[in-house]
**Student:** 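Structure below; questions to follow.
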Protein chains: 2
Amino acid sequence: MTSRHTFSDRHRRTRSDHAQETAADYVEAIDDIQAAEGRCRVIDLARRFDVSHVTVTKAIARLKREGLVTSEPYRPLELTEAGRQLAAKARRTHTIVYEFLRAIGVSEQVAAIDTEGIEHHVSRQTLDCFLELTQRLRGDQSA
Amino acid sequence: MTSRHTFSDRHRRTRSDHAQETAADYVEAIDDIQAAEGRCRVIDLARRFDVSHVTVTKAIARLKREGLVTSEPYRPLELTEAGRQLAAKARRTHTIVYEFLRAIGVSEQVAAIDTEGIEHHVSRQTLDCFLELTQRLRGDQSA
DNA sequence: GAAAAATTGTAGCCCCTGCTACAATTCGCC
DNA sequence: GGCGAATTGTAGCAGGGGCTACAATTTTTC
Ligand SMILES: [Mn+2]
Ligand SMILES: [Mn+2]
Ligand SMILES: [Mn+2]
Ligand SMILES: [Mn+2]
């Protein structure tokens, strides 16, 4: 199948997707929580992801290294401009995937769960197809 | 959104999906390679996934612990019955996702890549929706 | 304003997945 | 039969992501 690509391309890409997954989910969550509560603390993320605050602290250390987050000791987290941009992009993707799953008949609960994983593995092209089909199915609704 | 579930449910599920991801991809690959070459060696998997043979050896050690694979030192890999069943299930899911992406207009190359990640995050319900829509779109082809 | 509670940080542990370097074994070929 | 190549195994390293236990700091409460 598909003669001019290797299996390794596919798996390399999946591994690379996973490496960026935490970053995307974290900055999106930080942005969310800031919007809802005015600020985002480590404990807020720990509760959202159901992990210990230590796990969050270590993840945040990495996001700082990558220039997505800033913070001073014992203070709430802030997003850098790059962090805000990634959050916006992550949210757009998340919404498109979720709305698509809903449009093709997946329940709210299941769509929410599946979206959280799928969103990190959809290329631009696939996302466009999702968007287009969501529109089409909505127009079709009456049928 | 979706009032009676927590964010943590979604992320817990995604983490659990990832834990099973390696197992599914490996047994599927072993089954593939056995079918094509008569046997599957460590080096075959290393080439397919584009990782070192050491990485494969360690992953295989885990699959042995989990009862999916057996092998003797310096000998080719064998699947247990459980391994074969998981491989079959993984292949079914893989095919459904791939055919679905193709049906909604994604190119062969991109569909092959995206499928490799998405397949691990589609619940049964979503898979059913994929299948149904694939059928519908194929009938619709003329439109 | 001090004690208690909540939050954050740090030390140290685990497993998974990646690697290089090197040793052991098997395979292929003369 | 043996030698070189291919394959597999092992030692030791790194980073990501999970944890508990405990210390430090901030926030809340009285
Ligand atoms: Mn996610
Ligand atoms: Mn994934
Ligand atoms: Mn896969
Ligand atoms: Mn697959």
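Below, chain A is the first sequence line, B the second, and so on; all start at residue 1. Heavy-atom basis, side chains included; hydrogens, waters and symmetry copies ignored.
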**Student:** Go through B/Leu133 and A/Leu133 one step at a time and tell me if the side-chain contact (heavy atoms from CB on, under 4.5 Å) criterion holds.
**Tutor:** CA-CA 11 Å; B/Leu133 193 53; A/Leu133 193 53; 3.6 Å; yes
**Student:** Is A/Phe100 reachable from A/Leu127 through a run of I, L, V, M, F, W or Y residues, each pair having side-chain heavy atoms under 4.5 Å apart?
**Tutor:** yes
**Student:** Taking side chain to side chain donor-acceptor pair (under 3.5 Å) as the cut-off, I'd like each qualifying pair that reaches into residues 70-80 of chain B, sequence neighbours left out, listed once.
**Tutor:** B/Lys64-B/Ser71
**Student:** How would you list, by chain and number, every residue that makes a side chain to side chain contact (heavy atoms under 4.5 Å, CB included) with B/Ser16, sequence neighbours excluded?
**Tutor:** B/Gln20
**Student:** Quickly work out the B/Arg15 CZ to C/dC14 P distance and round it to whole Å.
**Tutor:** 21 Å
**Student:** Provide, to the nearest angstrom, the distance between the CZ atom belonging to A/Arg41 and the C1' atom belonging to C/dA6.
**Tutor:** 8 Å
**Student:** Quick one: name the residues clustered hydrophobically with B/Ile43, using the 4.5 Å side-chain heavy-atom rule over I, L, V, M, F, W, Y, and just say none if it's on its own.
**Tutor:** none
**Student:** Taking ring-ring contact (aromatic ring centres under 6.0 Å, His included) as the definition, give me every residue that meets it alongside A/His121, ordered by chain and number, with sequence neighbours left out.
**Tutor:** A/His18, B/His121
**Student:** Which residues in residues 47-73 of chain A have a heavy atom closer than 4.0 Å to any atom of DNA chain D?
**Tutor:** A/Val51, A/Ser52, A/Val54, A/Thr55, A/Lys58, A/Arg62, A/Arg65
**Student:** What pairs with A/Ala103 under side chain to side chain contact (heavy atoms under 4.5 Å, CB included), at least two apart in sequence or on another chain?
**Tutor:** A/Thr134, A/Leu137
**Student:** C/dC27 phosphate, OP1 or OP2: any side-chain N/O from B/Arg75 under 4.0 angstrom?
**Tutor:** yes
**Student:** Please list, for nucleotides 1-5 of chain C, all pairs of protein and nucleotide N/O atoms separated by less than 3.5 Å.
**Tutor:**
none

**Student:** Set out, in order, the CA-CA distance, both residues' side-chain angles and the distance that settles side-chain contact (heavy atoms from CB on, under 4.5 Å) for A/Leu79 and A/Val69, then state yes or no.
**Tutor:** CA-CA 4 Å; A/Leu79 291 176; A/Val69 171; 4.0 Å; yes
**Student:** Using ring-ring contact (aromatic ring centres under 6.0 Å, His included) as the criterion, list what pairs up with B/His11, not counting sequence neighbours.
**Tutor:** A/Phe49
**Student:** Check whether A/Ile96 and A/Leu86 end up in the same hydrophobic cluster, where Ile, Leu, Val, Met, Phe, Trp and Tyr are linked by side-chain heavy atoms less than 4.5 Å apart.
**Tutor:** no
**Student:** Tell me, please, the opening and closing nucleotides of DNA chain D, 5' to 3', among those with an atom under 4.0 angstrom from a non-hydrogen atom of chain A.
**Tutor:** D/dG16 to D/dT27
**Student:** Provide the full list of side chain to side chain donor-acceptor pair (under 3.5 Å) pairs with a residue in residues 33-42 of chain B, sequence neighbours left out, each pair given once.
**Tutor:** B/Arg41-B/Asp44
**Student:** Which residue pairs satisfy the salt bridge (charged side-chain N to carboxylate O under 4.0 Å, His left out) criterion with at least one member in residues 82-92 of chain B, sequence neighbours excluded?
**Tutor:** B/Asp31-B/Arg91, B/Asp32-B/Arg91, B/Glu81-B/Arg84
**Student:** Near DNA chain D, counting only heavy atoms under 4.0 Å, which residues of residues 23-33 of chain A show up?
**Tutor:** none
**Student:** Could you go step by step and tell me if B/Glu119 and B/Asp25 meet the side-chain contact (heavy atoms from CB on, under 4.5 Å) rule?
**Tutor:** CA-CA 10 Å; B/Glu119 60 178 347; B/Asp25 282 340; 3.2 Å; yes
